[in-house]
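Worksheet: the structure to be examined is printed underneath.
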Amino acid sequence: MAESISVLISEEDVAKRIEEMGRQISEEYEGKQIHMICVLKGGVFFMCELAKRVSVPVSLDFMSVSSYGDGTASSGVVRIAKDLDESLEGKDVLVVEDIIDSGRTLYYLLDILAKRRPASMKLCTLLDKPDRRVRDVKVDYVGFEIPDEFVVGYGLDYAQKYRNLPYIGIVSGVE
């Protein structure tokens, strides 16, 4: 059976929510500069759209991390495949993710980043699956809380496909 995709969150609703988040973040960081850290690959679509809607000065950096385990499940132990280009010391940092489910990887990543002495650090995600949470991670900005479904679009992929969809879709027909 080939996979099929049904729309969970429309392109219009995603755009509207990112606009709202940009306004909220701009208000809360008034008078400051935000150093946004994108967790690659999925987070790049969301971070670029969010950054365009933030009215305070923004700098960007990128990080690629993976967690490894038995091959089918994340252990939450983070391996940094691409580290940041800039120091975080004294900066107001906003970590930007596409989706948070178990929280394992972000729990360890936030701990690693906190040791780099930012002035402040908050977490922003487009999608949150709290039903799958196994590690307590404080999420400061949430676009949408979603059910425990396999989703694609807006940076999220299935076997490197569907990242470029302008909406969030539920994938069915996958093994």
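Because the structure is predicted, anything quoted here is derived from the model rather than measured. Each residue takes its place number in the sequence, starting with 1.
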Task: Least distance between heavy atoms, Ser59 atom then His35 atom - done: OG-ND1, 2.6 Å

Open item on the list: Between Asp98 and Arg163, does any NZ, NE, NH1 or NH2 come within less than 4.0 Å of an OD or OE carboxylate oxygen?
Closed with: no

Task: Sidechain N-carboxylate O distance under 4.0 Å for Lys129, Glu145 - done: no

Open item on the list: Using a 6.0 Å cut-off, check whether atom CG of Asp111 has over 12 heavy atoms from anything other than its own residue.
Closed with: yes

Open item on the list: Using a 6.0 Å cut-off, check whether atom CZ of Arg116 has over 12 heavy atoms from anything other than its own residue.
Closed with: yes

Open item on the list: So that I can tick it off, tell me whether Glu19 and Arg23 are bridged by a salt bridge, with the cut-off set at under 4.0 angstrom between side-chain N and carboxylate O.
Closed with: yes

- [ ] Without swapping roles, check the side chain of Arg53 against the backbone of Met21 for a donor-acceptor pair under 3.5 Å.
- [x] no

- [ ] State plainly whether one hydrophobic cluster holds both Ile34 and Met47, where clusters connect Ile, Leu, Val, Met, Phe, Trp and Tyr through side-chain heavy atoms under 4.5 angstrom apart.
- [x] yes

Task: Counterpart residues, side chain to side chain donor-acceptor pair (under 3.5 Å), relative to Arg17 (two or more places apart) - done: Glu20

Task: Donor + acceptor pair across side chains of Glu11, Tyr154 (<3.5 Å) - done: no

Open item on the list: Distance alone, cut at 3.5 Å: any donor-acceptor contact between the side chains of Glu12 and Tyr167?
Closed with: no

Task: Cationic N near anionic O, under 4.0 Å, Lys138 to Asp136 - done: no

- [ ] State, to 0.1 Å, how close Gly153 and Ile168 come at their nearest heavy-atom pair, and which atoms those are.
- [x] O-CD1, 3.8 Å

Open item on the list: Taking side-chain contact (heavy atoms from CB on, under 4.5 Å) as the criterion, tell me which of Ile25, Asp140, Val95 meets it with Cys124.
Closed with: Ile25

Task: Asp128 side-chain N/O to Val142 backbone N/O, donor-acceptor pair under 3.5 Å - done: no

Open item on the list: Holding to salt bridge (Lys or Arg N to Asp or Glu O under 4.0 Å), I want the full list of residues that pass it with Asp92, two or more places apart in sequence or in another chain.
Closed with: none

